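Lettering follows sequence order; numbering is per chain, from 1. All figures in this text were calculated on a predicted structure; none of them were measured in a lab.
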Amino acid sequence: MADVFVLVDHANGAVRKTTAELLTMAARLGNPVAIFVGSGVEQAQPILARFGASRVFAMDNADVAGHLVAPQAELLAALVKKFSPAAVLIPANPAGKEIAARLAVKTDSGLITDAVDVQATGEGIEATQSVFAGSYTITGKVTKGTPIIAVKPNSAAPEEKAGAAQVVPVNLTISEAGKGAKISESKPRVSTGRPELNEAAIIISGGRGTSGNFGPVESFADSLGAAVGASRAAVDAGWYPHTAQIGQTGKQVSPQLYVAAGISGAIQHRAGMQTSKTIVAVNKDPEAPIFELVDFGVVGDLFQVLPQATDAVNAAKG
Amino acid sequence: MNIVVCVKHVPDAQGDRHFESDYTTDRSGDGLLSELDEYAVEEALKLSESAGGEVTVVTIGPDAAADAIKKALQMGADKGVHVCDDAIAGSDSLGTSLILAEAIKKIGTPDLVMTGMASTDGTMGVLPAMLAERLGLPQVTMSAAITVADGSVSARRDGDAASETIVAALPALVSVTDQINEPRYPSFKGIMAAKKKPVETWSLADLGVDPAAVGLAGAYTQVTSVTKRPPRAQGEIVTDEGDGGTKLAAFLAARKFI
């Protein structure tokens, strides 16, 4: 069975959930092989084994960690040329998509980004994408080179499947061209203690209607163990950090439940949340376009509705 | 400092967008300069206003794509290059980046190549990295703020895990996010001045690009099906009469979210 490469998404060895999803997809297509870049492979290995990785190519050196994406693309290109995998699956976050882009050029291969599903068919590997702000679903395939597919988070339910996850260290000298963009400083983000937006099963977002007070949104989110998002209007007003922005120029999410509070539902926002499984909105304006999308909507003041709902959720949990 | 800004003419995202029968994007409706490219044009103008030099905008696309150049010239860019050739239609990101890279080489590699973070139609966000790879330039992408001094560029890149500072020597490729500035509106003076600014139109032959390597036939990917997503059926809407929150919680409980 042909190898299918998965680029591991991790922070110093703490493997993110997307990696388990990608390994699960890779197992549908062939023999999952993990590519681990950075430090902490010992910590990651048991998790990679649990989700079916047969081997783990690991590379840890300062040139990779200290430069933006290009060294990772060089490493992947060298491995693709040596092992000719059936496909390469990469997490569709900004850095992942950039690595995929450079890898496609380096290996003269086709690239599909933001896939929400990947399947083996009689005619090769087919990827599904949601496009034009979620208004169309398209399927496509790579017709030249090695299929390089950037996959969105939450696109597969991780399935455990024992693998050997044998760690194979890789040494590669990064070219001078690959070291052109240095990461001179890195300030870690202070954790909010809430789930990451890309991984969260439930997201509560606030918009213009919060008038800058995200307290009720955050309390409601905490009652449900949810992540907190924001509309572009709220971010542009300086009420919430850009890293929380949901929409075309922020994150595109598809949680099990998305609650939009005080968000009108402009196309820029819909592009980021339209594929959520269940959508709920709270808005004072009954004409707000967000209500066209909802499974359940409350026409009302979020400052009344959300605290009452928070109390009811907390009471139900006991 | 000379800057080349890559821009794209896109269908209006506010309207309904569709596909042609060959699964390429329907570009017959009204189009405009991709909103996210305005931030790159604005940043390039600011840099050239403080450091001098010329801003050239380059685009690829059918005749209507000239409107994207026109808008950038109205904002204040100095000149435009429009790569227009029937063989380009249907190009994927690999084909597009190849053509753009050759156009930039023909312009003469500037101090900075600038782009938006993604187009508002394809939204892949891969073109800046592909261009950096093809041109052999340092990749300084997703910049939320940049400073250029002493022959190098420094940028703030805000990621989920960390906010990073990226530093590279010029020439470099820089992509910018919508956090970097507030793009200007063209002034009346700018609109009048744009009419006299030079725009060159180049074909693939002018760039030495093999037409068979690009376009729909030369694409590295193939769309195999297109399905319009059925409109979401509107669910229950209640008006808060003092019990809206309770009803919301009941809905969540019924759907097993609590």
Is there a side-chain contact between [X] and [Y] (heavy atoms, below 4.5 Å)?
| X | Y | answer |
| --- | --- | --- |
| I237(B) | V294(A) | yes |
| T123(B) | Q248(A) | yes |
| Q179(B) | D236(A) | yes |
| R189(A) | D158(B) | yes |
| Y23(B) | I138(A) | no |
| V131(A) | R17(B) | no |
| R232(B) | D295(A) | yes |
| F132(A) | T25(B) | yes |

Top contributor to chain A contacts, counting heavy-atom pairs under 4.5 Å, from [options]:
| options | value |
| --- | --- |
| L131(B), D243(B), L98(B), V153(B) | D243(B) |
| V223(B), D178(B), L36(B), L127(B) | D178(B) |
| T239(B), D92(B), L248(B) | L248(B) |
| V226(B), I258(B), T224(B) | T224(B) |
| S225(B), G235(B), P230(B) | S225(B) |
| H18(B), R255(B), R156(B) | H18(B) |

V298(A)/K247(B) under side chain to side chain contact (heavy atoms under 4.5 Å, CB included): CA gap, chis, key distance, verdict: CA-CA 9 Å; V298(A) 181; K247(B) 284 179 172 167; 5.8 Å; no
Whether over 12 other heavy atoms sit under 6.0 Å from [X] [atom1]:
| X | atom1 | value |
| --- | --- | --- |
| K256(B) | NZ | no |
| D30(B) | CG | no |
| K187(A) | NZ | no |

Between [X] and chain B, which part of the residue has a heavy atom less than 4.5 Å away: side chain, backbone, both or neither?
| X | value |
| --- | --- |
| R270(A) | neither |
| I202(A) | side chain |
| K251(A) | side chain |
| Q245(A) | side chain |
| L111(A) | both |
| N93(A) | neither |
| A11(A) | neither |

Measuring from [X]:[atom1] to [Y]:[atom2], what's the distance to the nearest 0.5 Å?
| X | Y | atom1 | atom2 | result |
| --- | --- | --- | --- | --- |
| L94(B) | S109(A) | CG | OG | 8.5 Å |
| E35(B) | T249(A) | CD | OG1 | 7.5 Å |
| K284(A) | D240(B) | NZ | CG | 11.5 Å |
| D160(B) | L197(A) | CG | CG | 7.5 Å |

Main chain of [Y], side chain of [X]: is a donor-acceptor contact present, judged purely on distance under 3.5 Å?
| X | Y | value |
| --- | --- | --- |
| S184(A) | I166(B) | no |
| Q304(A) | G242(B) | no |
| K144(A) | G218(B) | yes |

If you compare all heavy atoms of [X] against all heavy atoms of [Y], which two are closest, and at what distance to 0.1 Å?
| X | Y | value |
| --- | --- | --- |
| S186(A) | A162(B) | OG-CB, 3.4 Å |
| R134(B) | V105(A) | CG-CG1, 3.9 Å |
| A168(B) | G180(A) | CB-O, 3.4 Å |
| A249(B) | V313(A) | CB-CG2, 4.4 Å |

Please rank [options] by heavy-atom pairs under 4.5 Å with chain B and give me the top one.
| options | value |
| --- | --- |
| S135(A), A177(A), G225(A), A266(A) | S135(A) |
| A271(A), A92(A), A201(A), S276(A) | S276(A) |
| A100(A), G300(A), P188(A) | P188(A) |
| L257(A), T139(A), T143(A) | T139(A) |
| I279(A), T310(A), L224(A) | I279(A) |
| K97(A), E98(A), E185(A), R102(A) | R102(A) |

Against chain A, label [X] side chain, backbone, both or neither, depending on which of its atoms sit under 4.5 Å from a heavy atom there.
| X | answer |
| --- | --- |
| S152(B) | neither |
| M130(B) | both |
| A118(B) | neither |
| A132(B) | both |

Does the pair T141(B) and V69(A) meet the rule for a side chain to side chain contact (heavy atoms under 4.5 Å, CB included), with working shown? CA-CA 10 Å; T141(B) 42; V69(A) 307; 5.7 Å; no
From the options D108(A), I148(A), I112(A), select the one residue that forms a side-chain contact (heavy atoms from CB on, under 4.5 Å) with Y220(B).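 Going through D108(A), I148(A), I112(A) one by one, the side-chain contact (heavy atoms from CB on, under 4.5 Å) with Y220(B) is satisfied by D108(A) alone.
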Which is it for L252(B) and F296(A) under the side chain to side chain contact (heavy atoms under 4.5 Å, CB included) test, yes or no, and what are the steps along the way? CA-CA 9 Å; L252(B) 297 181; F296(A) 187 80; over 6 Å; no
Before giving the answer on side-chain hydrogen bond (donor to acceptor under 3.5 Å, both in side chains), spell out for Q274(A) and R229(B) the whole-Å C-alpha distance, their side-chain angles and the decisive distance to 0.1 Å. CA-CA 11 Å; Q274(A) 195 149 234; R229(B) 192 184 166 91; over 6 Å; no
Evaluate the criterion side chain to side chain contact (heavy atoms under 4.5 Å, CB included) for residue pair F257(B) and V259(A); output intermediate values, then yes/no. CA-CA 12 Å; F257(B) 287 115; V259(A) 180; over 6 Å; no
